[in-house]
Amino acid sequence: MRGWWSGFAERRPGLAQFLLFFVLSNGVTVLQLALMPAFKAVFGMTSLVDTSFQVLAVGSNPDGSPFYLFDYAAGGLPEGGGGLAYFLAVQVTLLIAQVINFFAQRNVTFKSNTNIWRAAFWYTVAYVVITFAAAALQGWYKAPVYELLIDTWGMGKTGETVADMVTMMINAVLSFWVFFPIFKVIFKREPEPELEPVEVSDPAGVDVSSARAGQEV
């Protein structure tokens with residue numbers, strides 16, 4: 001199997017790189033799906049659920065209420081927005097997943113040998129931009145999804161868990177398509193410098209490389 005993959009990677013390096021990126025990204029997504037309910041449960045046991053986190057108003061909703069980029073109203077879902085507890089559960093989960101993703105993609109998929117700190121800087125910039133984009137998108141679908149699964153379909157806590165997974169999946173898909181072209185830029189692999197042959201002399205002062213050349217002749 002390893003031999004087949006090595007041959008495939010030599011024939012189709014671009015496709016092989018994309019497939020590795022796809023597999024690792026899905027592995028990170030599975031990790032997110034496992035961590036999100038755990039962190040949500042931990043933070044949900046604190047008073048942070050009743051602490052509103054609504055910041056960066058960027059317009060109005062159809063009903064005239066402010067549209068917040070990060071909209072986590074106080075109270076449990078779906079009546080509230082999960083409060084600061086839900087925000088922290090999402091962000092801590094994403095942070096852990098992205099740190100793992102950074103090293104996995106850099107070392108395994110792209111085998112980058114460029115400056116790791118420069119790559120980490122641009123990765124962080126991309127992560128922040130994606131976080132804001134995902135937050136803006138979540139402002140449109142979050143409340144309807146939770147209301148549909150918990151109340152309309154009567155799934156209760158199961159519906160809340162499924163809604164958590166839906167939000168994580170949407171974030172993962174968004175990250176997947178945005179990060180791949182970014183990784184192609186920040187995770188470059190520069191050619192290794194060629195080593196020049198070194199002449200070695202024996203203790204008697206005879207050039208070994210020259211002596212061997214004479215013997216071969």
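Note: hydrogens, waters and symmetry copies are ignored here, and every other heavy atom, side chains too, is used.
- In this structure L149 satisfies the side-chain contact (heavy atoms from CB on, under 4.5 Å) test together with V145, W153, M155, V162, A163, sequence neighbours excluded.
- Note on V28 and L94: separate hydrophobic clusters, where clusters join Ile, Leu, Val, Met, Phe, Trp and Tyr whose side-chain heavy atoms are under 4.5 Å apart, directly or indirectly.
- Under the 4.5 Å side-chain heavy-atom criterion for grouping Ile, Leu, Val, Met, Phe, Trp and Tyr, W117 is connected to F110 within one hydrophobic cluster.
- No more than 12 heavy atoms of other residues, nucleotides or ligands shown are found within 6.0 angstrom of CZ on F22.
- Looking at every heavy atom in both residues, A73 comes nearest to S52 through CA-OG, 4.0 Å.
- Under the 4.5 Å side-chain heavy-atom criterion for Ile, Leu, Val, Met, Phe, Trp and Tyr, Y72 and V49 are members of distinct hydrophobic clusters.
- Distance CG/L19 to CG/L24: 11.0 Å, rounded to 0.5 Å.
- Under the 4.5 Å side-chain criterion, counting only non-hydrogen atoms from C-beta, F39 is not in contact with L88.
- Residues forming a side-chain contact (heavy atoms from CB on, under 4.5 Å) with V99 (at least two apart in sequence, or on another chain): L95, F103.
- Scanning for ring pair (Phe, Tyr, Trp, His ring centres under 6.0 Å) contacts around F21 gives F176, F180, F183, with sequence neighbours left out.
- Summarising the geometry, atom OG1 belonging to T93 is positioned 10.0 Å from atom CG belonging to L33; distances are rounded to the nearest 0.5 Å.
- Here the shortest heavy-atom pairing between L31 and I100 reads CD2-CD1, 3.5 Å.
- When all heavy atoms of G44 and A85 are compared, the closest pair comes out as N-CB, 4.4 Å.
- To the nearest 0.5 Å, atoms CG (L69) and CD (Q54) are separated by 12.5 Å.
- The line from CD of Q91 to CZ of F53 is 8.0 Å long, rounded to the nearest 0.5 Å.
- Checked against the 6.0 Å centroid threshold, F102 and F187 count as a close aromatic pair.
- In this structure, the side chains of Y146 and T167 come closer than 4.5 Å at one or more pairs of heavy atoms.
- Closest approach of I96 to L35, counting heavy atoms only: CG2-CD1, 4.0 Å.
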Side-chain donor-acceptor contacts of residues 119-135 below 3.5 Å, not counting sequence neighbours, with atom names and distances?
{"residue": "Y123", "atom": "OH", "partner": "Q98", "partner atom": "O", "Å": "2.9"}
{"residue": "Y123", "atom": "OH", "partner": "Q98", "partner atom": "OE1", "Å": "2.6"}
{"residue": "T124", "atom": "OG1", "partner": "A120", "partner atom": "O", "Å": "2.8"}
{"residue": "T131", "atom": "OG1", "partner": "Y127", "partner atom": "O", "Å": "2.7"}

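- Counting only residues at least two apart or on different chains, the salt bridge (Lys or Arg N to Asp or Glu O under 4.0 Å) pairs with a member in residues 17-45 are K40-E160, K40-D164.
- A distance-only check finds a donor-acceptor pair linking the side chain of S112 to the backbone of K188 [under 3.5 Å].
- In this structure, V30 has no side-chain contact (heavy atoms from CB on, under 4.5 Å) partners at least two apart in sequence or on a different chain.
- The shortest distance between side-chain heavy atoms of Q105 and S25 falls below 4.5 Å.
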